[in-house]
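Owing to the predicted nature of the structure, the values given are computational and were not obtained by experimental measurement.
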Amino acid sequence: MTSTEPTTTAATPNFFDRLEERSKSINSLLCVGLDPHINELNLAPDATEDERCDAAYTFCKTIVMATAPYAAAYKPNAAFFEALGPNCGVTTLRRVIELIQNMDDEKIPVLLDCKRGDIGSTASAYAESSYDHLKADAVTLSPLMGWDSVEPFVSGRYADKGAFLLCKTSNPGSNDVLTLPLSTTQTKTTAPNDLLYEEIARLTHQWGAKTNNNLGLVVGATDAEALSRARKAAGQNVWILSPGVGFQGGDLTGTMRSGLNEEGSGLLVPISRGISRSIDGDIAAKAKEFRDLMNAARDDVLKNGISKTTNIAEYQQSFLKFSLEQGVLKFGSFVLKSGRTSPYFFNAGLFATGAALSKLGRAYAASIMASPELKNDNDTTKEVNVNFDVIFGPAYKGISLGAVVAASLYSDYGVDVGFAYNRKEAKDHGEGGILVGASMTDKRVLVVDDVITAGTAIRESYTMLQKINAVPVGVSIALDRAEKRSLDDPVSAVQAVARDLQIPVVSIVSLPQLQAFLVQNPTYNDGGSVLERVTAYREQYGV
């Protein structure tokens, strides 16, 4: 088949249905890798091909028989079998697959790790080899040649099979290609700052939906952010194979948080050397240990209730990373004015250089332009529309913030609005008064500040603006802590301002997005302890 669009295939039970059933029946997300490295077979340097193949079969059989109670699937790597020799290497691979499939009452799916990628009759020949001769249930594929390189493996008489498409692999070199931006080739489904691997994830969902839902993804556990973004792009029903835990150093808890779907499944974690090279030689115990560690991490994610659909945009990711680098955002133990002990602290006053203020202004501008509440889509005479005419920065922090936000709106989005601020004390010479900058009388005004703690400053600004017949239309802040004003008051300071003044309050980031950031960026998570403290704080004080 060489068509460029997926063809519809009648729904029949497929590889992923069987994988789901197996995973649930033994309560396991573990995929046991079968990689018979020559140097693990204890062979003499002059061993014959037959001796190598016999040793490889014994090596794999030992692993299979010991790990069967814990394996949701097996993943033999074709390369190691082919390297055994031209006469019996592939035959040994088939013997191992048949061993697994002939085990009494186990019905363990076999994923052949072969990473094929070609089109037309070549792809069809690869599919025939993998399924008819080697008897695999599924394969790994490269999707970079498009749908017609994938279709022969999952359609027609192979509609009950499955394929995992390489999306964002665990090797460092994957960044050379798979993280390339798509900003110059956007489609209807892509967004600014989307990366190539996100488009692969979307296509996997689209292709699978039009066949038999028999496509999954390969996304490395070594990049939690990519894993989270791939999950979001692919949706909840696509299975992800996530290599890299164990010898490659992938974080298991981060992998679970980023890769699981909302039901706590849809993720398969392959372990090869971590089991075959167990220090004490007890392969069964090591497989059970990995299975139990995965289940504990999964249960922790489900218990903490982190929303898998929490959206965190690229500008928000960048803002949080930059805030941490600048020391503006810190994790630890901080006693707030309210008396609460917070696991994080945010001090926007530490954005204290030209470069820092420029990045801060761009983050504010991005959040404003991403907020429907501040758009005026009814006016079709303008290409980019906002519902305010002037930005007002209340003294003192708001003065610099308002200036850089107004400048960033113009430089990044072509939105040219006025800027004004107030003095704490009235000036009795020159232009006089307490207001400086653009006239706000009869104008729509957006108030910009760093945070809302009690809301006093915003309310004072609102009253002042009304006195000059300005029309406050919203408030833009950097961080919404999203916590109750008191244990007896169920609303936050931000919610109270929005409720009492009847205007929207938008933020660059909020507490739920800070949680999502920690999920996707384990580097800042200190082994999960930071997220644990932030989650506990939100459970106690959050709205």
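With a 4.5 Å cut-off on side-chain heavy atoms, Val386 and Leu374 do not count as touching. Between Leu514 and Val509, every side-chain heavy-atom pair lies at or beyond the 4.5 Å cut-off. Under the 4.5 Å side-chain criterion, counting only non-hydrogen atoms from C-beta, Thr179 is not in contact with Ser174. Between Leu409 and Phe388 there is a side-chain heavy-atom pair separated by less than 4.5 Å. At a threshold of 4.5 Å between non-hydrogen side-chain atoms, the residues Cys167 and Val218 do not count as touching. Between Leu324 and Phe517 the shortest side-chain heavy-atom distance falls below 4.5 Å. Residues Ser411 and Arg362 form no side-chain contact, since every pair of their non-hydrogen atoms from C-beta on lies 4.5 Å or further apart. For the pair Ile477 and Val494, the minimum side-chain heavy-atom distance is below 4.5 Å.
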### Query
What do the steps show when you test Phe392 against Met464 for side-chain contact (heavy atoms from CB on, under 4.5 Å), and what is the final call?
CA-CA 11 Å; Phe392 174 69; Met464 180 178 60; 3.2 Å; yes

### Task
Report the C-alpha distance between Glu314 and Arg229 in whole Å, list the side-chain angles of each, state the deciding distance to 0.1 Å, and finish with yes or no for salt bridge (Lys or Arg N to Asp or Glu O under 4.0 Å).
CA-CA 10 Å; Glu314 182 65 26; Arg229 292 173 68 163; 2.9 Å; yes

### Derivation and outcome, side-chain hydrogen bond (donor to acceptor under 3.5 Å, both in side chains), residues Thr441 and Asn469
CA-CA 5 Å; Thr441 301; Asn469 291 324; over 6 Å; no

### Task
Decide side-chain contact (heavy atoms from CB on, under 4.5 Å) for Arg459 and Asp500; before the verdict, give the C-alpha distance in whole Å, the side-chain angles of both, and the deciding distance to 0.1 Å.
CA-CA 9 Å; Arg459 295 172 195 274; Asp500 297 343; 3.1 Å; yes

### Verdict with supporting geometry, Arg340 and Glu483, side-chain contact (heavy atoms from CB on, under 4.5 Å)
CA-CA 11 Å; Arg340 297 172 184 173; Glu483 59 184 77; 2.6 Å; yes

### Task
Could you please spell out the steps behind the side-chain contact (heavy atoms from CB on, under 4.5 Å) verdict for Asp223 and Leu227?
CA-CA 6 Å; Asp223 190 339; Leu227 183 55; over 6 Å; no

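To the nearest 0.5 Å, atom CG of residue Asp450 and atom CD1 of residue Ile508 are 10.0 Å apart. Between atom CG of residue Leu518 and atom CD of residue Glu532 there is a gap of 12.0 Å, rounded to the nearest 0.5 Å. Atom CG of Leu178 and atom CG of Leu144 lie 6.5 Å apart (nearest 0.5 Å). Note: Gln317 CD to Asn521 CG = 5.0 Å, rounded to the nearest 0.5 Å. If you take CD1 on Ile240 and CG on Leu29, they are separated by 12.0 Å, rounding to the nearest 0.5 Å. For the atom pair Glu460 CD and Thr463 OG1, the distance stands at 8.0 Å (nearest 0.5 Å).
Side chain of Thr222 to main chain of Ser170: a donor-acceptor pair is present (N/O by atom type, distance under 3.5 Å, no hydrogens or angles). Judged by distance alone, with hydrogens and angles left aside, the side-chain atoms of Arg202 form no donor-acceptor pair with the main-chain N or O of Ala233 at under 3.5 Å. Under the 3.5 Å distance criterion, the side-chain polar atoms of Asn422 are matched with a main-chain donor or acceptor of Ala395. In terms of modelled atom types and a separation under 3.5 Å, the side chain of Ser408 and the main chain of Val404 share a donor-acceptor contact. Checked by atom type and distance alone, the side chain of Ser333 never pairs as donor or acceptor with a backbone atom of Pro343 at under 3.5 Å. A donor-acceptor contact shorter than 3.5 Å links the side chain of Gln236 to the backbone of Glu262.
The pair Lys359-Glu325 fails the salt-bridge criterion, with no side-chain N (NZ, NE, NH1 or NH2) lying under 4.0 Å from an Asp/Glu carboxylate O.
More than 12 heavy-atom neighbours from other residues, nucleotides or ligands sit within 6.0 angstrom of CZ on Phe334. Environment of CG in Asn237: sparse, with no more than 12 heavy atoms of neighbouring residues, nucleotides or ligands closer than 6.0 Å. Atom CD of Glu373 has more than 12 heavy atoms from other residues, nucleotides or ligands within 6.0 Å. Summarising the local packing, CZ of Arg533 is surrounded by more than 12 heavy atoms from other residues, nucleotides or ligands at distances under 6.0 Å.
Taking the ring axis of Tyr344 as reference, the NZ or CZ atom of Arg481 stays within 45° of it and closer than 6.0 Å to the ring centre.
Relative orientation of the Phe164 and Phe16 rings is perpendicular, given thresholds of 30° and 60° on the angle between their planes.
Ring-centre distance between Phe319 and Tyr364: not below the 6.0 Å cut-off.
In terms of heavy-atom proximity, Ser242 sits nearest to Leu267 at CB-CD1, 3.9 Å. Contact record, Gln326 with Leu350: OE1-O, 4.3 Å, taken as the closest heavy-atom pair. Of all the heavy atoms in Leu141 and Ala163, the pair that sits closest is CD1-CB, 3.7 Å. Closest approach of Ala438 to Ala420, counting heavy atoms only: O-CB, 3.5 Å. The minimum heavy-atom distance between Pro394 and Val447, with the atom names listed, is CD-CG1, 4.0 Å. Annotation for Gly208 and Leu215: closest pair N-CD1, 3.7 Å, computed over non-hydrogen atoms.
Ser228 is linked by a side chain to side chain donor-acceptor pair (under 3.5 Å) to Gln520, counting only residues two or more places apart in sequence or in another chain.
Using modelled atom types and a 3.5 Å distance limit, the side chains of Asp480 and Gln513 yield no donor-acceptor pair.
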